[in-house]
Amino acid sequence: MLKPIKLENKNFLSSFDLSKKEVKHILELSKNFKKNFLNIELKNKALGLIFDKASTRTRVSFQVAMSRLGGTTVDLNPKTSQIGRGEPIKDTARVLSRYCDVIAIRTFNQSDLEEYAKWSTKPIINGLTDLEHPCQALADFLTIKEEFNDFENVVLTYIGDGNNVANSLIACGALLGVEVRISCPKGYEPNASIINKARDIYKNKNLLKITNDPMSAASGANVLYTDVWSSMGEEGKKEEKDKHFDGFTIDSDLLNKAHKDAIVLHCLPAYRSKEITDEVIESKNSRIFEQAENRMHVQQALLACLLT
Ligand code: CP
Ligand code: NVA
């Protein structure tokens with residue numbers, strides 16, 4: 001029976017916290033969890049959840065993942081706990097790590113997540129920050145692996161805002177050696193330091209391409225991926241931002257440019273008719289709901305490894 005391996009890093013704050021071998025192991029473990037092949041128990045273990053931003057998938061998939069492993073979850077609402085009153089992170093982190101065995105956090109600044117990790121004696125998981133969404137990327141690559149078996153010759157094209165989801169796709173794609181094309185309007189490119197780190201991992205292979213032309217990026221791609229144009233925290237910029245994304249909607253014209261067996265992914269929630277059309281979400285190419293389901297399986301695998 002496949003067993004969880006102990007991860008090199010205590011925390012999962014960024015996709016770059018895992019090695020290639022660890023990502024592959026987590027994906028393999030996830031597949032086994034999905035088939036109910038594993039009997040791994042995290043009995044009496046507690047997962048703390050701190051969500052400073054809204055969530056459906058991440059929150060519920062972590063809760064159910066932990067319950068499937070026999071553990072328990074404590075969902076801390078920042079508004080009704082002392083977190084919302086401004087208790088310092090260094091105090092909250094030290095207290096919670098005496099009750100919980102692992103803590104998943106969704107917040108704005110990556111530096112706040114790092115502050116939690118600095119003071120917590122237990123693993124901290126990034127449940128989304130403005131910079132990264134690494135749990136999402138694991139589910140995305142599991143969905144791609146299920147479709148194509150392997151990552152060799154897979155071209156993943158992300159069209160839209162160079163946001164947290166794009167950043168984690170780039171990082172995880174680099175670890176797995178997948179060709180990643182990002183197409184975004186000028187000025188909305190992904191994080192420069194993540195691009196540089198990814199390019200270092202790819203070495204001299206030119207497998208990370210950033211372009212402002214969605215049609216050329218989509219051409220022959222095996223996976224078309226998009227996310228909202230304005231992320232949580234950018235509500236005030238929405239109208240202004242939308243003006244720059246003309247031509248960046250994944251519609252049937254863009255889908256027709258991709259490989260005939262291309263799949264379409266979206267981390268959800270989606271704004272239908274903005275970044276993606278209703279027709280494409282509901283098309284035979286869409287694997288969006290499998291992708292959402294996979295959040296739970298990869299998080300089961302991640303929890304099992306972090307608590308081994
Ligand atoms: N994809 C994702 O993280 O969804 P939620 O915001 O619903 O958690
Ligand atoms: N980029 C989006 C992802 C939501 C899951 C956001 O940060 O709001």
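Ligands are counted one by one from 1 in listed order, and the atoms in each one are counted from 1 as well. Basis for what follows: all heavy atoms, side chains included, without hydrogens, waters or symmetry-related copies.
Residues satisfying the side-chain hydrogen bond (donor to acceptor under 3.5 Å, both in side chains) criterion with T226, sequence neighbours excluded, are absent altogether. K34 meets the side-chain contact (heavy atoms from CB on, under 4.5 Å) test with E146, E293, N294, H297; sequence neighbours excluded.
A salt bridge between E87 and R85 is absent, with no side-chain N of the basic residue lying under 4.0 Å from a carboxylate O of the acidic one. Using a 4.0 Å cut-off between charged nitrogen and carboxylate oxygen, E8 and K21 do not count as a salt-bridge pair. Remark: K209 engages E179 in a salt bridge, criterion side-chain N to carboxylate O under 4.0 Å.
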Could you go through ligand 1 and note, for every N or O atom, any protein N or O atom closer than 3.5 angstrom, writing the atom names and distance to 0.1 Å, or 'none'?
from: ligand 1; atom 1: 1 (N); to: Q136; atom 2: OE1; distance (Å): 3.0
from: ligand 1; atom 1: 1 (N); to: C267; atom 2: O; distance (Å): 2.9
from: ligand 1; atom 1: 1 (N); to: L268; atom 2: O; distance (Å): 2.9
from: ligand 1; atom 1: 1 (N); to: R295; atom 2: NH1; distance (Å): 3.4
from: ligand 1; atom 1: 3 (O); to: T58; atom 2: OG1; distance (Å): 2.9
from: ligand 1; atom 1: 3 (O); to: R106; atom 2: NH2; distance (Å): 3.0
from: ligand 1; atom 1: 3 (O); to: H133; atom 2: NE2; distance (Å): 2.8
from: ligand 1; atom 1: 3 (O); to: R295; atom 2: NH1; distance (Å): 3.1
from: ligand 1; atom 1: 4 (O); to: R57; atom 2: NE; distance (Å): 2.9
from: ligand 1; atom 1: 4 (O); to: L268; atom 2: O; distance (Å): 3.4
from: ligand 1; atom 1: 6 (O); to: R106; atom 2: NH1; distance (Å): 2.8
from: ligand 1; atom 1: 7 (O); to: T56; atom 2: N; distance (Å): 2.7
from: ligand 1; atom 1: 7 (O); to: R57; atom 2: N; distance (Å): 2.8
from: ligand 1; atom 1: 7 (O); to: R57; atom 2: NE; distance (Å): 3.1
from: ligand 1; atom 1: 7 (O); to: R57; atom 2: NH2; distance (Å): 3.0
from: ligand 1; atom 1: 8 (O); to: S55; atom 2: OG; distance (Å): 2.6
from: ligand 1; atom 1: 8 (O); to: R57; atom 2: N; distance (Å): 3.4
from: ligand 1; atom 1: 8 (O); to: T58; atom 2: N; distance (Å): 2.8
from: ligand 1; atom 1: 8 (O); to: T58; atom 2: OG1; distance (Å): 2.7
from: ligand 1; atom 1: 8 (O); to: R106; atom 2: NH1; distance (Å): 3.4
from: ligand 1; atom 1: 8 (O); to: R106; atom 2: NH2; distance (Å): 3.2

Inventory of protein N or O atoms under 3.5 Å from ligand 2 N or O:
from: ligand 2; atom 1: 1 (N); to: N163; atom 2: ND2; distance (Å): 3.3
from: ligand 2; atom 1: 1 (N); to: N164; atom 2: OD1; distance (Å): 2.8
from: ligand 2; atom 1: 1 (N); to: D227; atom 2: OD2; distance (Å): 2.6
from: ligand 2; atom 1: 1 (N); to: S231; atom 2: OG; distance (Å): 2.8
from: ligand 2; atom 1: 7 (O); to: N164; atom 2: ND2; distance (Å): 2.8
from: ligand 2; atom 1: 7 (O); to: S231; atom 2: OG; distance (Å): 3.4
from: ligand 2; atom 1: 8 (O); to: M232; atom 2: N; distance (Å): 2.8

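Classified by interplanar angle (parallel below 30°, tilted 30° to 60°, perpendicular above 60°), the ring pair F245/W229 is parallel.
Between the SG atom in C267 and the CG atom in N164 there is a gap of 7.5 Å [rounded to 0.5 Å]. The OG1 atom of T143 lies 7.0 Å from the CD1 atom of I263; values are rounded to the nearest 0.5 Å.
Under a cut-off of 6.0 angstrom, the local environment of OH in Y202 is crowded, with over 12 non-hydrogen atoms contributed by other residues, nucleotides or ligands.
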